[in-house]
Every structure is written in C-alpha cells, then in structure tokens.
Amino acid sequence: DQPRSRGLGDVYKRQIRSFEIQNDKIYIGAVSEIGKVSKSPDENYTYQSLNYLISDSTFQFNDVRDIIVNENKVFFLTDNGLMVLSDNSIQILGKGIPFRAAANGIQELIFVANEQGIFKYIENDLIQITTKGELSGFAMEFVVPIQKETYLIGTDIKGIFIFEKGKIRKWNPSNHNFFIQNHFNSAMILNKDELIFGSIHKGIITTDYKGNIKNIINEKDGLFDHNILALYKDHRGNIWTAVDGSFAYIEMNSPFTTLNKKYGLRGEVYDIIQHNNYLYVATSRGLYFINWKNENFENLEFQLIENTTGQCWKLFEHGDNIILGHHKGIFSIKNKKATFHGDGGNWNFSTIDGHPNFLISGNYRGISLLNRKGD
C-alpha cells in the first residue's frame, strides 16, 4: 500500500546521496531508499518514500549515485541497477550493473557504469553501445555529450576519454597526464566554446572542446579549497560549486578577472600599462610586472622590479620606453630592468607636439622639461 506522506523532519534522518528538482517536486536518493518531496497548496512540504513501488522484492540497491529526469520519467542510478519511475510504477533495468553517471544528450539519454561502459536508453530499454571489455577497469566519474553520439567519459585515475564514431580514445593526449594527476570528478558544458571541470587537486578547470586548457580557478581566486565536490550551472550561465568545507559562486559570465595579492601584487594600484607583452602595475609598494602572454592565468605571479620599491605614481609610454614617475624621481623601464634618472619625486608626464624627444614632467617642485638623448 502507498505510505502516508510525512513532514520534512523524516528526510533529515536519511543519508541522502543525491537529489533532483522537477517543477514542484524534489526527488531524493538515499541509502536503500528513494522518495520525493512535494509542495502542497498551503505551502507546506511533505516527504514520501517511493520504495513501495519497487515490485521486485529481491532488488537491493544501497546508494543512489545520481538522479536524472527525462521527459516524464525519473531515473535513479544505483550500485545495483537502474530504476525508472514512470506513471506511478518502477521498472528495473540493468540489474547488477553499478551505474555512476548519466547525461541528457542530443535527442538521447546516456548512462555509464563501472566495468560495463556506456549505455543508451531506447524505447524503455538499455542498449550497450561499447563492446564488452572496452572500458574494463575504468571507474566512471562523469559523462558529457558534446555532440550527437560523441561523449566525454571521465574516470577516477585514468584520465578523460572521448567516445566518438563507436571508438574510445584519449581525449587530449598532450594533457592526458594533467587530467590523471589532478583527478577530474565532474564536468558540464559551460557554453558553445568551453567545458568546465571539477578536480580534486587543481580546483576548477575550463577547456575548449578539444581539451586545451583555458583557465584554472582555485584557492588563488578565493575558493576555500582545491577539492571540487560538485558543479551546478544556473540560468545565467554562472557556476555554483561545492568544495571541502564551503561552497562558492563564480561569475563565469563576468568580463572581469580580479588580480590581487593572491597573485603576488602588493599595495594600492595607481597606474597600469601594457607594453611589449608585459603588464606593468605601479603601486604604493613598487613597480610590478607579469608576462601578459599568459592568457590562462596559470601559475601567474607578479614580480617586483628591482630598485623600484616605494611609491609609484605614473607609467607613461614614450617611444619604445616606459617612463615611471616615482617618489624618488624618474625611472625608464626596459622589459624587467629599471634605470634611475633622478629629478626628485614625479607625478606625471606629457608630450610636446612637434618635439618627440621632449617631455614635460609634473613633479613635487613644479614642472620640468626632459630631453631624451639616446637612452
């Protein structure tokens, strides 16, 4: 018989492993139990176990690893098979198979299972689309359809593979060791150009569709830990992530990236200039630089240019040189080297029309005229 609905307090007693939201219902996967939370017209929530719909009394499923909704069906992925809830009844498929992940593909529904490989759900049945033994020894973490009948398969310690045209191969051989070493455990499509991954040792990684790394986001960027436990993309395309001891919201669609002391940049910023593949930042602590070719911000670290310690007011481009207005006076900057030219504290500079070798300098005492001769 159908059990009566109970208050949410009953849910708190369960060891919940997974959940999925569909309209006004929340489907729950717990240890040896499935259920749903429903919202009543009076705004109260009630919980109802769905175990009574399992007609096979011999079916023991332990953990529910994931839940996915497709059209009017709810799929519960368990250690011992797949339960399909539809029209108030449950069908059990793949009994004995430890399913780990699922994905709504392009007009297709895909499941992956440890040791067994990839399955497609077709007309109320599971069809295995990898040959037996093709993924033997692989513990699955995720599956991401990147185009019709093409899927990325994430494994626990063997890296990321692509299943395409009926064959499995390493996704990006040049980055394969990086994928293995950092243990990618979750993934999803970020946009038409990028995929996003969660890892244990490197935080969040974005790549293009060929597996080339675009960006790495971890403790340097404000995450509490490198270990990513889950990813969720909201309707704005921004990312929520669960990490060890916390969770974080990442504005992936923001055009801004914050570069601060986590990247070695110290002091208050007074001026910035980009020149010859370097980014120079004048601060109250000195003049810092980074190689601006590093578009991925990987291992990014600002460095202080020697002899520029102190208040830096102004950066000014003059020909092939950068001129620095400093508390001590004027410096010319060539790549990573600063040359001191004196003249006391300087605020700013201006060119003079028709006289390319001359500059006007505003300084602590008033105005000076500078004449460039050679270097």
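For the single chain, residues carry numbers from 1 onward in sequence order. Note: hydrogens, waters and symmetry copies are ignored here, and every other heavy atom, side chains too, is used.
In this structure, Leu324 belongs to a hydrophobic cluster whose other members, linked by side-chain heavy atoms under 4.5 Å apart, are Ile273, Tyr278, Tyr280, Leu287, Phe289, Ile305, Leu315, Ile322, Phe331, Ile333, Phe340. Leu229 belongs to no hydrophobic cluster, as no Ile, Leu, Val, Met, Phe, Trp or Tyr side chain comes under 4.5 Å of its own. Cluster partners of Phe358, by chain and number: Ile352, Ile360, Ile367, Leu369. The rule joins Ile, Leu, Val, Met, Phe, Trp and Tyr whenever side-chain heavy atoms lie under 4.5 Å apart.
Residues satisfying the salt bridge (charged side-chain N to carboxylate O under 4.0 Å, His left out) test with Asp24, not counting sequence neighbours, are none. Legend: residues meeting ring pair (Phe, Tyr, Trp, His ring centres under 6.0 Å) with Phe247, ordered by chain and number and at least two apart, are absent. With sequence neighbours excluded, the residues forming a side chain to side chain donor-acceptor pair (under 3.5 Å) with His183 are Glu141, listed by chain and number. Here Glu164 pairs with Arg169 under the salt bridge (charged side-chain N to carboxylate O under 4.0 Å, His left out) rule; sequence neighbours left out. For the salt bridge (charged side-chain N to carboxylate O under 4.0 Å, His left out) test, residues two or more places apart in sequence or in another chain that qualify with Lys95 are Asp56. For Glu194, there are no salt bridge (charged side-chain N to carboxylate O under 4.0 Å, His left out) partners, not counting sequence neighbours. Not counting sequence neighbours, Tyr232 has no partner by the ring pair (Phe, Tyr, Trp, His ring centres under 6.0 Å) test.
No more than 12 heavy-atom neighbours from other residues, nucleotides or ligands sit within 6.0 angstrom of CZ on Arg236. In the displayed structure, Lys170 atom NZ is contacted under 6.0 Å by at most 12 heavy atoms of other residues, nucleotides or ligands.
Side chain of Asn114 to main chain of Met140: a donor-acceptor pair is present (N/O by atom type, distance under 3.5 Å, no hydrogens or angles). Side-chain N or O atoms of Glu33 include none that pairs as donor or acceptor with a backbone N or O of Ser49 at under 3.5 Å. No donor-acceptor pair closer than 3.5 Å links the side chain of Lys210 to the backbone N or O of Asn172. Under a 3.5 Å cut-off, the side chain of Asn70 and the backbone N or O of Glu108 do not form any donor-acceptor pair.
Side-chain atoms of Arg266 and Leu304, non-hydrogen and from C-beta on, never get closer than 4.5 Å to each other. A heavy-atom distance below 4.5 Å is not found between the side chains of Phe224 and Asp244. Side-chain contact check for Lys120 versus Glu149: some heavy-atom pair is nearer than 4.5 Å. A 4.5 Å side-chain heavy-atom check between Ile34 and Met83 finds at least one atom pair inside the cut-off.
In terms of heavy-atom proximity, Ile330 sits nearest to Ser361 at CD1-OG, 4.3 Å. When all heavy atoms of Cys312 and His326 are compared, the pair lying nearest together is SG-CD2, 3.5 Å. Minimum interatomic distance between Asp208 and Trp171 (heavy atoms only, all atoms of both residues): O-CZ2, 3.7 Å. Scanning both residues, Ile250 and Asn238, for their nearest heavy atoms gives O-CB, 3.5 Å. Nearest heavy atoms, Phe142 versus Ala101: CA-CB, 3.8 Å. Across Thr308 and Ala338, no two heavy atoms sit closer than the pair CG2-CB, 3.6 Å.
Sorted by first and then second residue, the ring pair (Phe, Tyr, Trp, His ring centres under 6.0 Å) pairs involving residues 81-114 (not counting sequence neighbours) are Phe75-Phe111, Phe99-Phe119. Sorted by first and then second residue, the pairs that involve residues 71-80 and meet side-chain hydrogen bond (donor to acceptor under 3.5 Å, both in side chains), not counting sequence neighbours, are Arg65-Asp79, Lys73-Tyr121, Lys73-Asn124, Asp79-Arg100.
We find the OG1-CD1 distance between Thr339 and Ile323 to be 9.5 Å, quoted to the nearest 0.5 Å. Of the inter-residue distances, the one linking Ser368 atom OG with Asn363 atom CG reads 4.0 Å to the nearest 0.5 angstrom.
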